Amino acid sequence: MNIVDRRPNPKGKSLSNRQRFLARARVEVKSAVQEALRKRKVADVGHGEKVAIPTRGITEPVFHHSRRTGRTDLVVPGNKEFVRGDEIPRPNGGEGGRGSEGSPDGSGEDAFEFTLSKEEFLDLFFEDLELPDLVKKSLKDTTAVDLQRAGYTVTGTPANLSVPRTMRNSMARRIALRRPKLPELEALRASLDEARARDAGEEEVEQLARALERSERRSKIIPYIDPIDVRYRRFDRVPRPNTEAVMFCLMDVSGSMTEAMKDLAKRFFMLLHVFLARRYRHVDVVFIRHTSTAEEVDEETFFYSRETGGTVVSTALDKMLEIARARYSTDRWNIYGAQASDGDNYGADSSRCVSLLGGEVLPLCQYFAYVEVGDGMGGGLSGLSRDSDLWRAYSEVAPAHPHFAMRRVGDPAQIFSVFHELFAKGGVRA
Amino acid sequence: MPDTRMLGAARLEAAETPLFTGPNWDFGGLRRVYDAIERIAVDELGLDFYPVQIEVITSEQMLDAYASVGLPLMYRHWSFGKRFAYHETLYRKGLQGLAYEIVINSNPVICYIMEENSMTMQTLVMAHAAIGHNHFFKNNYLFRQWTDAEGILDYLSFARDYVAQCEEKYGVEAVERVLDAAHALKDQGVNRYAHRSRPNLAEERRRNDERRAYDEATYNDLWRTVPTTDKDKQDPGLAEKQRQDLKRQLGLPEENLLYFIEKRAPRLEDWQRELVRIVRLVSQYFYPQKQLQLMNEGCATFVHYEIMNRLYRGGQITEGSMLEFLHSHSSVVFQPGFDDPRFSGLNPYALGFEMMSDIKRICEEPNEEDREWFADIAGCGDPFGVLRHAWANYRDESFILQYLSPAMIRRFRLFHVADDASKPALRVEAIHDDWGYRRIRSALSRQYDLSRREPDIQVVDVDLTGDRCLVLAHFVHDGVLLEDKTCRAVLRYTAALWGYAVKLLEIEAPTDKVLKTYEISE
């Protein structure tokens, strides 16, 4: 008998099979992923996900007998009451006495459920999207620098002294030049003392004394650490791409925004958050809601509390500018804005919005998206019979700013496609 | 080997102290326990098995092994990924525990045990898999006939490399297409009977010469002058004869669909044929297992039960371990009734174990009924001899037909239900009474008969000179047709392999009446 411990063997033996499986079920998994996203909160959206996909694309059919034809004989255990000739009503759906040989793979339209890892989930989700202008911004605004180790140098500040490297050089030099070691000197000294103590021959003492003197001189000439041994750690200053992003969620919560509209907005914000979280090490989310005044709130309040009042959109933009200037300087932060509204605005305010947006907000932002949510009734997009005030106003700004986009969303099914449009690789901008 | 026997006996008597205490296992302990188990198996039970290699694995590796249908290495295919995802989800949810072991029928037998098992469980697993299954693998006639225990691992490693090479050369998708299609036919890709050996050229020549010599020796010019009937010259008859000849040359009818496709499909490339062959051979490897599930598990369960009890009696395991073992054992051999929500068919562990225990009882303490039913073995006093014979020479179907006793039928309260689709209700045909015993026994035996459980599908004709349409036939018994949807899907795969149209006729076996026809054009 032979015992082998296989536990240290490399893991993930079936990883490539899994990838093949996912590739095979790509379409189904993708739609399941989108479905799954509907139910999530903004913050916890980036976790792995259990998905159930229809078995359509991944069945492995084999020939098997139909259950609905002909005559089958079954022998089953557990008879309590039946005698020969009894009739048992036919159980539904292969239950009861006849569940024994159902084919696990061939039958029906069951959903196939399994768990995707976080990476797999997000990969599928953002398969062909990219962040607009990321590269440009990183190059443009790289005022922040990082120090990066870049080997060793012979000059530098004491703080950067590399002791191991210095000692290594020192040791090599000492060995090469045969500098007497301390124990050797001690031994020499001791034997000289001992020779003197026991009144050894003149010649021997003389010899030892000379050897000691030679060694001592040698260790004096050859220093323990020479300036040529010294090494300093060298640092290069490399421009640091901004790895932090802040996302401003602006939403109109005035009475005209229905729950359905808010839900649409929430989904859009959620997508944006996950998307940013994938590109940046750290993403802050700032929620600003506004009626006729704007305030910064937490997520719960943002999405779920009810407000009434008029609508002055520019207050939200003001608030955003205020917060951005106070807390998020552009040299460290990539700023993204997303605004959701039903398009209503206080008549005279729209022009102010335009000037704010074009003049101050957009220059600050990496990207700003405006989503106008409809109520989902009356055929979605086409139901918006006329352009809203805000839409018309923002339309003026849009042509001059490629990193500003505006879209309309009528019902949840469109969210993903709108998002997709906004961030599609090399996609069109409004 | 008398030496080891004596040594073993001496050790047994001396073993007052248990082999292990506490739940933790270590490699020394595993070895000690295995040695003790092996001694019992060889000396007391008279078992004969392959050498064993025990491999300790983690639960994740166990899931890996699940995914590749229990084999240690396998070619790559998405369906294994699917299986992995499926089991992983169930396992993580806690819906499904992992098997304690997986055992591979190779030489040496490889037995996977999981690291999280307690020492008692490892003992149980070794007795179950490394001894029980092992003995069965080595001795049962089906395994001996169909499974090449020496070569399987080498073959699998060849298969994996070959598939990988093909993927590199022809692309993953192209390979996947062939494998998908071949997988759909894998149940129809086995030889159910040993083929006659392939004639070799020298042999054929010799026979041909003999035949000619005979013809020359018995030549009589007179025969030439006998007028022949016009029938031979008639075209339809001749064509029919040629057709029959051709069919014979092609070896039709052929029940091994994959074999036929591998050899005859007109459009396959060589590498595609080789892929089909790989699927076919792997399927053939599993063919005996499908017919031996009940016996295989029964044998292993019975053996582990015997061994554990003997270990306990010899003082080699503690009472605590014995209780842990009994707990696990009784859940393994639990058989819920048909109306229980946990019911999912007859539990092969339960039925197999109980039947074998019953045989032991019949051999040792028979009653009147047993003497009547099993005159040859009742009271013979050699239960292991009888069992070893049964393990070696039966499969599930014949084992039940031979050994299912009335006592077992009563114990499981088996009853026979007829499900006729044309009737509104099921009908109880037999229960555990004098009238019903034999009927239940033969009905249960039929239920384990693979040739009845799986559709009987054969290649019956192929028009190689015409449109090259492949004609399959499903021989319908008791009016049970094929499931329509999956049948079409499989036929599409078949057509993809064959390269031309495929037709399937559902033929009522007793009357040759065609009940239904499927046609899939390429």
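Predicted, not measured: the structure shown is a model, and the values here were computed from it. Chain A is the first sequence line, chain B the second, and so forth, proteins listed ahead of strands; every chain is numbered from 1.
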Under 4.5 Å from any heavy atom of chain A, what part of [X] do you find: side chain, backbone, both or neither?
X	value
Gln53(B)	both
Phe84(B)	side chain
Glu55(B)	both
Pro51(B)	neither
Leu504(B)	side chain
Pro108(B)	neither
His477(B)	neither
Asp180(B)	side chain
Ile457(B)	side chain
Glu38(B)	neither
Val476(B)	neither
Arg452(B)	backbone
Leu185(B)	side chain
Glu176(B)	side chain

Quiz prompt | Derivation and outcome, side-chain contact (heavy atoms from CB on, under 4.5 Å), residues His183(B) and Val279(B) | solution = CA-CA 7 Å; His183(B) 280 183; Val279(B) 174; 3.8 Å; yes

Between [options], which residue shows the highest count of heavy-atom pairs closer than 4.5 Å to chain B?
options	answer
Arg18(A), Glu87(A), Gln19(A), His65(A)	His65(A)
Ser16(A), Gly85(A), Ser66(A)	Ser66(A)
Val75(A), Asp86(A), Asn9(A)	Val75(A)
Ala23(A), Gly70(A), Pro8(A)	Gly70(A)

So does [X] pair up with [Y], basic N to acidic O under 4.0 Å?
X	Y	answer
Glu354(B)	Arg411(B)	yes
Arg488(B)	Asp484(B)	yes
Arg83(B)	Glu60(A)	yes
Arg7(A)	Glu115(B)	yes
Arg427(B)	Glu429(B)	yes

Quiz item: Do Asp478(B) side-chain atoms and Val480(B) backbone N/O form a donor-acceptor pair below 3.5 Å?
Solution: no

Self-check item: Whether Phe415(B) and Phe338(B) hold their rings parallel, tilted or perpendicular, with breakpoints at 30° and 60°
Solution: perpendicular

